[in-house]
Amino acid sequence: MPAVTVENPLTLPRVAAPADAVARPVLTVTTAPSGFEGEGFPVRRAFAGINYRHLDPFIMMDQMGEVEYAPGEPKGTPWHPHRGFETVTYIIDGIFDHQDSQGGGGTITNGDTQWMTAGSGLLHIEAPPESLVMSGGLFHGLQLWVNLPAKDKMMAPRYQDIRGGTVQLLTTPDGGALLRVIAGELDGHAGPGITHTPITMIHATVAPGAEVTLPWREDFNALAYVLAGKGSVGADRRPIRLGQTAVFGAGGSLTVRADEKQDSHTPDLEVVLLGGQPIREPMAHYGPFVMNTREELQQAFEDFQKGRLGTIPAVHGMTGTGPQA
């Protein structure tokens, strides 16, 4: 799991929650069910079973892989529409190409993030490059959906390609964790991602036996999802492992610990920490559209069917144009 790393974390700025910060309790720990997305790549549905009041402004998150593809096996998603929210695709291992109906796109690889604000709508495709399809190889990443408030749902689409080398790297006082701030800020240190809805997104690598206690905005919610390894969360040390999400309650700090002993193929605890300011607006969500009312959903489908969200570039043909999640 390379993402972005550093040889000696103690060379980085150090962050820690103040001693008087109120620790956030752990409300629940859920286990993500497994499934398949797009043309058949394996995913874990990280937020399945969690009440939306604990997720807002996040909508869903899939862990894609970790999977070792044989030659000819790598898969992606066909052309599909989006409207009303943002998709955040974070590639930890492997490589993905993306393209949209407005001419945007690019390639993201180890540690890169592609942040797409769908806004008023577009068509989009994500797929491994032909070289990876031919050779096979390791693929691992995340896709997070972030809601947009009603005032921004019909804004013009926008891309941010966040290269791994631009993320803000931090550590804990003892150097026991590497913290990658992808978006938002942590203790005054800002990540490169620009968000319409205030959020914080961090990928933390926690060494065996190490503990991380971070300051956390009290007006944000707080979630921790385990990408690999095992450990515990909160003051009462609730166990957590690969494929599980911890939901924290109110407070000014959160704590994650890595078990002393990890699996042989997973040297550290790898965890994604998410926080966001709840939008607290009605949400109408169906497939690739996230709006505020049923009428707006119906309009989105009508606009898609009539080609108002864009057309697929001719070079790619017209296959796979149906709505995808």
Side-chain angles (χ1 to χ4, degrees), residues 32 37 43-48 50-64 77 80-92 96 98 100 104 108 112-122 124 126 141-162 167-168 180-186 190-203 216-217 219-225 227 245 247-248 271-292 296-297 300 324-325:
E37 183 56 86
V43 298
R44 287 185 174 92
R45 308 288 190 189
F47 295 161
I50 300 175
N51 191 297
Y52 183 65
R53 72 176 185 274
H54 299 310
L55 298 177
D56 185 11
F58 307 111
I59 301 164
M60 58 154 276
M61 186 169 74
D62 284 347
Q63 180 180 9
M64 306 180 295
T77 64
H80 55 282
H82 287 305
R83 172 180 280 181
F85 65 102
E86 300 183 286
T87 65
V88 181
T89 306
Y90 174 49
I91 300 299
I92 300 166
F96 233 28
H98 58 93
D100 71 28
I108 49 176
D112 294 342
T113 300
Q114 181 250 314
W115 199 296
M116 185 182 77
T117 303
S120 60
L122 41 63
H124 187 235
E126 297 162 305
L142 282 178
Q143 186 169 93
L144 171 70
W145 288 15
V146 185
N147 202 3
L148 287 169
K151 66 182 179 62
D152 293 328
K153 283 193 177 293
M154 295 299 287
M155 67 177 292
R158 183 185 71 179
Y159 271 113
Q160 299 173 69
D161 274 322
I162 302 170
V167 302
Q168 174 69 62
R180 306 168 187 86
V181 184
I182 298 168
E185 63 89 26
L186 180 64
I194 300 170
T195 67
H196 292 280
T197 303
I199 73 165
T200 294
M201 180 179 182
I202 297 167
H203 173 192
W216 212 253
R217 279 180 52 167
D219 60 336
F220 276 22
N221 59 4
L223 304 160
Y225 176 75
L227 292 165
T245 301
V247 178
F248 293 88
V271 60
V272 172
L273 304 173
L274 295 169
Q277 192 172 63
I279 296 174
R280 296 192 177 95
E281 292 177 350
M283 184 177 71
H285 171 204
Y286 188 81
F289 305 123
V290 183
M291 306 303 292
N292 293 102
E296 290 171 344
L297 273 185
Q324 302 291 319

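Starting from 1, each residue takes its place in the sequence as its number. What you are looking at is a predicted structure, and each value in this text was computed from that prediction instead of being measured.
- Remark: Ser120 engages Met154, Pro157 in a side chain to side chain contact (heavy atoms under 4.5 Å, CB included) (not counting sequence neighbours).
- Atom OH in Tyr52 sits 5.5 Å away from atom CD1 in Ile59 (nearest 0.5 Å).
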Residue pair Phe96, Asp112: steps toward the side chain to side chain contact (heavy atoms under 4.5 Å, CB included) verdict: CA-CA 10 Å; Phe96 233 28; Asp112 294 342; over 6 Å; no

Test log, rule side chain to side chain contact (heavy atoms under 4.5 Å, CB included), inputs Met61 and Leu274: CA-CA 11 Å; Met61 186 169 74; Leu274 295 169; 3.9 Å; yes

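- Under the side chain to side chain contact (heavy atoms under 4.5 Å, CB included) rule, Val88 has a single partner from Gln160, Met201, Met116, Gln143, which is Met201.
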Steps toward side chain to side chain contact (heavy atoms under 4.5 Å, CB included) verdict (Leu55, Leu223): CA-CA 8 Å; Leu55 298 177; Leu223 304 160; 3.9 Å; yes

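- Ring geometry for His80 against His124 counts as perpendicular: the plane angle is over 60°, on a 0 to 90° scale with 30° as the lower cut.
- The two atoms that bring Ala190 and Gln168 nearest to each other are O-CB, 3.5 Å, heavy atoms only.
- Not one N or O on the side chain of Gln114 forms a donor-acceptor pair closer than 3.5 Å with the backbone of His98.
- Interatomic distance, CZ of Arg180 versus CG of Leu273, reported as 11.5 Å (0.5 Å rounding).
- A pairwise comparison of heavy atoms in Tyr225 and Thr245 identifies CD1-OG1, 3.1 Å as the closest pair.
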Full working for side chain to side chain contact (heavy atoms under 4.5 Å, CB included) between Phe47 and Val247: CA-CA 10 Å; Phe47 295 161; Val247 178; over 6 Å; no

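- To the nearest 0.5 Å, atom CG of residue Leu227 and atom CD1 of residue Ile92 are 4.5 Å apart.
- In Tyr286, the OH atom is not crowded: 12 or fewer heavy atoms of neighbouring residues, nucleotides or ligands sit closer than 6.0 Å.
- The two atoms that bring Leu148 and Lys153 nearest to each other are O-NZ, 3.1 Å, heavy atoms only.
- Judged purely by atom type and a 3.5 angstrom limit, Asn292 uses its side chain to pair as donor or acceptor with the backbone of Pro282.
- Of the possible donor and acceptor atoms, one in the side chain of Thr197 sits under 3.5 Å from a partner among the backbone N and O of Asn147.
- Here the two rings, on His285 and Phe85, have centers that are 6.0 Å apart or farther.
- Of the inter-residue distances, the one linking Leu297 atom CG with Phe289 atom CZ reads 8.5 Å to the nearest 0.5 angstrom.
- The two atoms that bring Pro149 and Ile279 nearest to each other are N-CD1, 3.8 Å, heavy atoms only.
- Ile194 has its side chain out of reach of Trp115: every pair of non-hydrogen atoms, C-beta onward, lies at least 4.5 Å apart.
- At least one donor-acceptor pair under 3.5 Å links the side chain of Trp216 to the backbone N or O of Asn221.
- Heavy atoms only, all atoms of each residue included: Ile162 and Gly193 are closest at CD1-CA, 3.5 Å.
- Within the 3.5 Å criterion, the main-chain N or O of Glu185 finds a donor-acceptor partner in the side chain of Thr200.
- A donor atom on one side chain and an acceptor atom on the other are found under 3.5 Å apart for Gln277 and Asp219.
- Residue Ala183 comes nearest to Thr195 through the heavy atom pair CB-CG2, 4.1 Å, listed as atom of the first residue, atom of the second, then distance.
- Listed for the Asp62 side chain is no donor-acceptor partner under 3.5 Å among the backbone atoms of Met64.
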